[in-house]
Amino acid sequence: MTAADLFRKQFDSEPAGFWAAPGRVNLIGEHTDYNDGFVLPFALPQRTIAAVSPAPAGEWTVCSTVEDEPVSFGPTEPGDVSGWAGYVAGIVWSLRDAGFDVPGARIAIDSEVPVGSGLSSSAALESSVLTALIDLGDLDIPLERRPALAQRAENVYVGAPTGILDQSASIRCQEGRALFLDCRTYEVDQIPFDLAAEGLAILVINSNAPHQHVDGEYGARRKSCEEAAHILGVPALRDISVDGLADALGKLDDDVMRRRVRHIVTENQRVLDTVELLRAGRTRDIGPLLTASHASMRDDFEITVPQVDIAVESALSAGAYGARMTGGGFGGCVLALIDAARADETVAAVEAAYAGASFTAPTCWIATAGPGATRL
């Protein structure tokens, strides 16, 4: 059932319009966003579609093709609406809390973004609804301000301590580009990322080991980074350079905290190095940076699981230039930079490794850089 079909079934009318926002793959730069660092995501072709029409002021009803019952709510406060509908209620709350007159709406949701895969299905949902409500209400909100509004919905209303990477990618990405984002200044640069022209491809491997962000592990990583920045006397770990890393680590007594800091500092540098190589047209040369990023997430940040480690190892054994987990961790997806002609061979190698380890079979596809949130 499509969003249009669901809207007609639920509301017995035609929607006023359709809005879409994509999931994302983060090429490199994991957990750097809430440390005021650098990230390099691109938007997926897979999108969340919102069919929307106006409703009386102060009334919102949302339904989904994957949920049994619609959810209706009026003006709410954080925690009043839970579950998947909380992301929608959070957007309404965030806009109202920022002083905007949010129009009432009837909303039907359908999504192509796999839930729990680390491809940011929550940000796609938030961004599609946010874009729809801005358009319906003719709200004057510049594009660059929108990700922070969506992030606030997730952080404060839903209670997930995520950074701004996901919402920025879903809203600000462009087709055929990777989004180089400075998470302190919100400045962006659209980096050319047309792999097909070079005979390359990004293979996404869904480990089918789902993860949850609203849990203790993600929050613990963020808290550790913030505590380390306080001890080191800097606003955020972004302010520690690779050259200053050894000195910074020497000021920390806790070994776990030292490893967390080492990941963030080196990961920021890997993002900068990746951008430089892409600008120079040396796409294949980013492979070792991707693989080093994965090793850092596995050993220093400790956010990988056996399924993603095996996916990385088997992709590299099959000839990938580089591979890494993408997303917040504890499950989710792996990306591998490969020759496009070797996609089937790489998939076969990963599937064989999963079978040998008695893991649930992975789901694999080629990802291309798509556009950000838009009205269809």
Colleague: Can you tell whether the side chains of Asp166 and Arg24 come within less than 4.0 Å, N to carboxylate O?
Modeller: yes

Colleague: Do NZ/NE/NH1/NH2 and the carboxylate oxygens of Arg184 and Asp239 come within less than 4.0 Å?
Modeller: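 Counted as a salt bridge, because a side-chain N and a carboxylate O are separated by less than 4.0 Å.
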
Colleague: Decide yes or no for Leu278 and Ile286: does some side-chain heavy atom of the first lie under 4.5 Å from some side-chain heavy atom of the second?
Modeller: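 Counting from C-beta outward, Leu278 and Ile286 do come under 4.5 Å.
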
Colleague: Same cluster or not: Phe18 versus Phe7, using hydrophobic residues (I, L, V, M, F, W, Y) connected whenever any side-chain heavy atoms lie under 4.5 Å apart?
Modeller: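 Not linked; separate clusters.
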
Colleague: Quick one: pull up CD1 in Ile171 and CG in Leu179 and give me the separation to the nearest 0.5 Å.
Modeller: 11.0 Å

Colleague: Decide salt bridge (Lys or Arg N to Asp or Glu O under 4.0 Å) for Glu226 and Lys223; before the verdict, give the C-alpha distance in whole Å, the side-chain angles of both, and the deciding distance to 0.1 Å.
Modeller: CA-CA 5 Å; Glu226 291 169 347; Lys223 182 179 178 182; over 6 Å; no

Colleague: Going by atom types alone, do Thr326 and Asn26 pair a side-chain donor with an acceptor below 3.5 Å?
Modeller: no

Colleague: Establish, from distance only, whether the side-chain atoms of Ser94 and Asp97 form a donor-acceptor pair under 3.5 Å.
Modeller: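 Ser94 vs Asp97: no donor-acceptor pair found between side chains.
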
Colleague: Can we say Arg324 and Glu267 salt-bridge, meaning some charged N sits less than 4.0 Å from an Asp/Glu carboxylate O?
Modeller: yes

Colleague: Is there side-chain contact between Phe193 and Leu27, with heavy atoms separated by less than 4.5 Å?
Modeller: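 Counting from C-beta outward, Phe193 and Leu27 do come under 4.5 Å.
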
Colleague: Side-chain atoms of residues 313-323: list all donor-acceptor pairs with protein atoms under 3.5 Å, sequence neighbours left out, distances to 0.1 Å.
Modeller:
residue, atom, partner, partner atom, Å
Ser314, OG, Ile310, O, 2.8
Ser314, OG, Ala311, O, 3.2
Ser317, OG, Glu313, O, 2.9
Tyr321, OH, Arg284, NE, 3.2
Tyr321, OH, Asp339, OD1, 2.9
Tyr321, OH, Asp339, OD2, 3.0

Colleague: Before giving the answer on side-chain contact (heavy atoms from CB on, under 4.5 Å), spell out for Glu217 and Ile303 the whole-Å C-alpha distance, their side-chain angles and the decisive distance to 0.1 Å.
Modeller: CA-CA 8 Å; Glu217 293 294 341; Ile303 55 174; over 6 Å; no

Colleague: On a heavy-atom basis, which atom in Ile231 and which in Met257 lie closest, and how many Å separate them?
Modeller: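 Of all heavy-atom pairs spanning Ile231 and Met257, the closest is CD1-SD, 3.9 Å.
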
Colleague: Within this structure, what is the OG1-CZ distance for the pair Thr76 and Arg96, rounded to the nearest 0.5 Å?
Modeller: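 The OG1 atom of Thr76 sits 8.0 Å away from the CZ atom of Arg96.
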
Colleague: Does a side-chain N-to-carboxylate-O contact under 4.0 Å join Arg270 and Asp273?
Modeller: no

Colleague: With a 3.5 Å cut-off and no angle check, do the side chains of Thr65 and Asp110 form a donor-acceptor pair?
Modeller: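 Yes, side-chain donor-acceptor contact under 3.5 Å.
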
Colleague: Shortest non-hydrogen contact from Gly328 to Tyr218?
Modeller: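 Looking at all heavy atoms of both residues, the closest pair is CA-CE1, 4.3 Å.
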
Colleague: Using 4.0 Å as the upper bound for N to carboxylate O, is an ion pair formed by Arg238 and Asp182?
Modeller: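 Between Arg238 and Asp182 there is a salt bridge, with a charged N closer than 4.0 Å to a carboxylate O.
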
Colleague: With a 4.5 Å cut-off on side-chain heavy atoms, are Ile191 and Arg177 touching?
Modeller: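 Arg177 does not reach Ile191 side chain to side chain.
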
Colleague: Check the pair Asp254, Arg258 against salt bridge (Lys or Arg N to Asp or Glu O under 4.0 Å), reporting the backbone distance first and the verdict last.
Modeller: CA-CA 6 Å; Asp254 182 71; Arg258 283 196 294 266; over 6 Å; no

Colleague: Heavy atoms, side chains only, cut-off 4.5 Å: are Phe359 and Asn208 in contact?
Modeller: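 Phe359 does not reach Asn208 side chain to side chain.
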
Colleague: State whether Arg259 and Glu302 are salt-bridged, where the test is any N-O pair (Lys NZ or Arg NE/NH1/NH2 against Asp/Glu carboxylate O) under 4.0 Å.
Modeller: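 So Arg259 pairs with Glu302 through a salt bridge.
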
Colleague: Please determine, by modelled atom types, if Gln151 and Glu126 share a side-chain donor-acceptor pair under 3.5 angstrom.
Modeller: no

Colleague: Is any side-chain heavy atom of Met297 closer than 4.5 Å to one of Ser293?
Modeller: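 In contact.
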
Colleague: Look up atom OG1 in Thr346 and atom CG in Leu203, then write down how far apart they are to the nearest 0.5 Å.
Modeller: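 Rounded to the nearest 0.5 Å, the OG1-CG separation comes to 6.5 Å.
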
Colleague: Looking at CG of Asp344 and CD of Glu351, how far apart are the two atoms once the value is rounded to the nearest 0.5 Å?
Modeller: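 Here the rounded value is 9.5 Å.
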
Colleague: Would you indicate whether the side-chain heavy atoms of Ser53 and Pro15 approach each other to under 4.5 Å?
Modeller: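 Yes, at least one pair of side-chain atoms sits under 4.5 Å.
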
Colleague: Charged N to carboxylate O below 4.0 Å: is that the case for Asp135 and Arg375?
Modeller: no

Colleague: Enumerate the ring-ring contact (aromatic ring centres under 6.0 Å, His included) contacts for residues 264-304, please, sequence neighbours excluded, ordered by first and then second residue.
Modeller: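 For residues 264-304, and leaving out neighbouring residues, the ring-ring contact (aromatic ring centres under 6.0 Å, His included) pairs sorted by first residue read His31-Phe301, His263-Phe301.
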
Colleague: Under 4.0 Å between a side-chain nitrogen and a carboxylate oxygen: does that hold for Asp189 and Arg279?
Modeller: yes

Colleague: Quick one: are Leu139 and Phe100 in side-chain contact, heavy atoms under 4.5 Å?
Modeller: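 Counting from C-beta outward, Leu139 and Phe100 do come under 4.5 Å.
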
Colleague: How many angstroms lie between atom OH of Tyr34 and atom CG of Asn155, to the nearest 0.5 angstrom?
Modeller: 12.0 Å

Colleague: Nearest 0.5 Å please: distance from the CG atom of Asn35 over to the CG atom of Asn268.
Modeller: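 Taking CG in Asn35 and CG in Asn268, the distance rounds to 7.5 Å.
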
